[in-house]
Amino acid sequence: MEELAGYGNYIVSSLLTMGGIYAILTLGLNIQWGFTGLFNAGIAGFIAVGAYVFAILTKGPAAEHLGGYDLPLPLGAIAAMIVAAIIAWAIGKICIRLRSDYLAIATIGIAEILRLILKNETWATNGPRGISGVDKAFEWLPRPWGDIAFMVTILLTVLVIYLLLERAWRSPWGRLTTAIRDNEDSARAAGKDVETFRLQSFVIGAAIMGLAGAYLAQVQKFIGPDSTDPTTTTFLAWVMLIAGGSGNNRGAVLGAFLLWTVWSATQIVTGWLPQEIIVFGHPIENVPVRSTYLRIFLIGLVLQIVLQRYSAGILPETRPAVAGKSGKTGLEPGRTT
Amino acid sequence: MTVLALEHIDAGYGDTAILHDISLQVERGEIVVVIGPNGAGKSTALKSVFGLLNITAGRVVLEESEITNTPPEQVVRLGVCYVPQTGNVFVNLSVQENLEMGAFVRSDDFRPRLDEIYAMFPDLAEKRRQPAGSLSGGQRQMVAMGKALMLEPKILLLDEPTAGLSPKYRGEIFQTVKAINATGVPILMVEQNAKQALGIADRAYVLVDGENRHTGTGPELLADQEVARMFLGAKG
Amino acid sequence: MWEFVNFYFIPGLVLGCIYALGALGISLTFGILRFANFAHGEIMMLGAYFTFTIMGLTGWHPLVAALPSMALAALLMLYLDRQFFRPFRDSPTIMLVIASFGLMLMIRSAVWVFYGTQSKPLLRGFQRPTQYLDGAIQFPDKHLWIFLTTIVIMLAIWYLLTRTKIGKAMRAVSDSPELAKLTGIPVETVIRATWIVAACSAVAAGVLLAIDSQLDSLMGFKMLLPMFASAILGGIGRPFGAVLGGLVIGVAEELSAYPWIGVEPLLNPAYKTGMAFAIMVVMLIWRPSGLFKGRVF
Ligand SMILES: Nc1ncnc2c1ncn2[C@@H]1O[C@H](COP(=O)(O)OP(=O)(O)OP(=O)(O)O)[C@@H](O)[C@H]1O
Ligand SMILES: [Mg+2]
């Protein structure tokens, strides 16, 4: 009986809740990369901004950090999206006219700078110790129900964002971003304002990532500058999107849940490993910790394999792009110059 | 003896076919000129020799051996040099370094050849340390030709060497082409300035819409009514 | 005055040398392979760990142990290029950026598996600064090694790029890969040469950084932003522009903590990296081609 409850708890609070948060993240990335071909290497930065803004605005008074605004949770989430969007706008304004490499460099840079700020502006963020006791939606419900209600909220959010993105994908706006992705020059020649569309897509994607951050702060009830390893988080989102099928919203959601399941299940497995094993007569210590890192290595390898062999993903992009060359793989936005 | 022959070539970029049943021939010691309206496929014909696009039918023959669809690096080694229409010098390398790169595939001592090239283009000798990007258009064209000649090629392909040059330089380039040819290098040249080009040509081809339209000696084509109407009339 | 030189300017130059060595490789690969290589910092870090292992096995001085590490890193880099970069040679370059991003994580996690996440000193013990000019200028010997090593490597690379056939071919490919192909330059060979140079200079940078501070699995990642900033400041595809960029950014980072006004540091030293980012942003807005008119993609 207790074991059953354990499994139920795992399914609700890890697979569906965290999986749902990653699905939100992946959908945000799909707008940027799948729709428009923008490479964002600083996803973790946008999550962190969303999480901190949410935590600070919704918490009651606290001595260690800025706070006491006690805003209703939905307002906090909206604020998280707005701040993430503003930061994306600023960075996009600078780099979006240059080739995608520069945006990649700048996003990884801004993520690093944000981390520095969150770590050092102790008066606002409590520095490296982070903000604990973050308010979580439906906490007041009795035990399993609070978690379940929270999970349902997240899944509903995924559904709403999915439906909105599906509409966007089919709308003229979505067609245009794909046209820009596939052939910037011909879009420009057709008189389209390439920069504006790119910027819009980048900002909307970042706002969605900020929302994912607001949910993440609630799940963990805590947010600190190092509470998620930035590269791994950013990377997971990328693998989820590309494996699921970039340019396909259903693929993004599927990839998120699927990879999160594999990721969290393998984490449990590493916990079962013995401390020390003997390989060819050599003792190897700290096996569980090492396997955790091996898992990160493998996810990197998975990305490479998917990228080279199955770049269309599980659910490939379906709608052919407007201009001539039909949507072959979903990947390969055609900016080569 | 035939140095280079394109025999009934069909070729194009990806799925779009551009050349249809094109044939061209360059005999030993000749200057052969290709003229035609914009977009006729002149550059494409040169590129097809150089393995830069996919030939779907026909053959390219260099001296006795077939080189259809051979990759560019190998075509160079076989002694064919190609000066493209644009981007034909390394702008950040000095004039001398450009020439040295032209000799990249040579493993013997190329310094005597370098001196010959400088003798042929005295302007370049003066500017040998300057980056090629800092030279005038005409001088760049000379660097490009000099670079191609470093290999002592069996045949030289030139794509519109006088495009965008002032009349003074244009004349100079045509003189240079003749001088190069006089050293025994056959030349296959695409040109827009039909009249001047036909003036130095041993033979010439007119391409229109990716097909052979006229063939003949330089004087024959200069005298041809239709050619005159198409290319010479407007330019006087 | 001397305090300024000893505690701000000289450390800035030391940092600048390390950035310069790293940025040089980034600028070369960006120019020749045409993509921003996110794994460059990890090669630096890995080279330092190789050196650490070789020192443990042989007891050699780090600068000696760095030589076999360079060879190892270069071989590894050639292998990685073949496995992960070559399949995308004709694809849009962003695919290469993603592949390098994946490689970054793979290399780092592989180091974690073998060495763990703890940072450790490469050189043990504290070095007393040596005094120059009657004690006015003082810095530890290791800084002298860092200067000298950087100068030697810079001279070697300068010689390679301007005096040897393969080096000139590298510059030619950086200038125009299409024309290089038409000229008969074997582009794949040039690419391999580029990876070797990039790997060796990265290992040198990593070892010098580990000598200056310590061995840390995140050191490559932390270097990435200043190195990209240096490469952009100097102009992409301008290796010696990147060197100057590295020196400028290294010095700027250290000087930003000098009490220019009053007695407090001008900028909280924790935000040093912010200087690199700020310089990069200014360049991207004002002049993306960099100081020396490099390439803008
Ligand atoms: N890289 C390419 N990909 C696809 N089509 C091309 C490419 N280059 C040229 N074309 C097309 O091939 C046709 C022939 O072009 P080509 O450059 O051979 O003409 P040309 O006779 O050299 O003209 P010009 O006098 O303008 O140089 C044109 O319709 C052009 O649009
Ligand atoms: Mg042409």
Side-chain angles (χ1 to χ4, degrees), chain B residues 14 43 46-47 49-53 70-110 129 131-134 140 143-151 153 156-159, chain C residues 24 27-28 30-32 34 86 89-92 157-194 231 234-243 289-297:
Chain B
S43 299
L46 291 195
K47 287 184 201 163
V49 175
F50 228 72
L52 289 172
L53 40 84
T70 309
E73 299 95 294
Q74 262 159 319
V75 181
V76 176
R77 282 172 194 273
L78 293 172
V80 181
C81 282
Y82 165 55
V83 179
Q85 194 169 341
T86 53
N88 50 24
V89 294
F90 296 114
V91 288
N92 292 317
L93 268 58
S94 71
V95 169
Q96 171 128 354
E97 284 168 338
N98 266 281
L99 299 180
E100 288 172 15
M101 284 300 109
F104 192 92
V105 303
R106 289 178 68 146
S107 46
D108 54 344
D109 184 8
F110 56 79
R129 303 253 162 265
S134 69
R140 278 195 210 196
V143 174
M145 286 198 246
K147 171 172 160 291
L149 290 172
M150 284 301 291
L151 265 192
L156 183 60
L157 313 183
L158 300 175
D159 196 348
Chain C
L24 183 103
S27 191
L28 265 183
F30 208 148
I32 291 171
R34 274 137 215 275
R86 198 156 77 184
R89 284 279 200 270
D90 298 321
S91 309
I157 291 178
W158 174 81
Y159 183 85
L160 176 86
L161 289 178
T162 60
R163 294 289 182 272
T164 68
K165 189 171 170 181
I166 187 74
K168 289 176 196 174
M170 284 165 69
R171 284 166 50 222
V173 174
S174 172
D175 204 323
S176 164
E178 297 80 24
L179 184 60
K181 225 177 249 172
L182 298 180
T183 309
I185 296 174
V187 175
E188 280 299 318
T189 310
V190 169
I191 287 178
R192 281 196 286 277
T194 307
I236 296 296
R238 298 270 181 209
F240 293 102
V243 169
S289 61
L291 293 177
F292 295 95
K293 280 207 82 192
R295 198 174 273 287
V296 193
F297 291 100

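All of these numbers come straight from a predicted model, not from anything done at the bench. First the proteins, then the strands, lettered A, B, ... as listed; each starts at 1. The figures here come from the full heavy-atom set of this structure, side chains too, leaving out hydrogens, waters and symmetry mates.
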**Student:** Non-hydrogen atoms of chain C under 4.5 Å away: do they reach the side chain of L151(B), the backbone, both or neither?
**Tutor:**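 Neither; nothing under 4.5 Å.
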**Student:** Could you walk me through whether V91(B) and D175(C) satisfy the side chain to side chain contact (heavy atoms under 4.5 Å, CB included) test, starting with their C-alpha distance in whole Å, then the side-chain angles of each, then the deciding distance to 0.1 Å, before giving a yes or no?
**Tutor:** CA-CA 7 Å; V91(B) 288; D175(C) 204 323; 3.3 Å; yes
**Student:** What closest approach, in Å, do I185(C) and M101(B) show between heavy atoms, and which atom pair accounts for it?
**Tutor:**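 Minimum heavy-atom separation between I185(C) and M101(B): CD1-SD, 3.6 Å.
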**Student:** Do R171(C) and L93(B) come within less than 4.5 Å of each other through their side chains, counting heavy atoms only?
**Tutor:**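 Side-chain contact under 4.5 Å: yes.
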**Student:** If you compare all heavy atoms of P84(B) against all heavy atoms of L179(C), which two are closest, and at what distance to 0.1 Å?
**Tutor:**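 Distance-wise, the nearest heavy atoms are CG-CD1, 4.3 Å.
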**Student:** Kindly give the heavy-atom pair with the smallest separation between F104(B) and A169(C), and that separation in Å.
**Tutor:**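 Closest approach of F104(B) to A169(C): CE1-CB, 3.6 Å.
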**Student:** Provide the closest heavy-atom pair for T183(C) versus G102(B) in the form atom of the first, atom of the second, distance.
**Tutor:**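 T183(C) and G102(B) have their closest heavy atoms at CG2-CA, 3.9 Å.
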**Student:** What part of V75(B) gets within 4.5 angstrom of chain C, counting heavy atoms only: side chain, backbone, both, or neither?
**Tutor:**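 Neither the backbone nor the side chain of V75(B) comes within 4.5 Å of chain C.
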**Student:** To the nearest 0.5 Å, what is the distance between CG on L52(B) and CG on L182(C)?
**Tutor:**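 Going from the CG atom of L52(B) to the CG atom of L182(C) covers 5.5 Å.
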**Student:** Any chance you could measure E178(C), atom CD, to N88(B), atom CG, to the nearest 0.5 Å?
**Tutor:**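 Rounded to the nearest 0.5 Å, the CD-CG separation comes out at 12.5 Å.
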**Student:** So, E100(B) and K165(C), do they make that salt bridge, N to O below 4.0 Å?
**Tutor:**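 Result for this pair is no, no salt bridge flagged.
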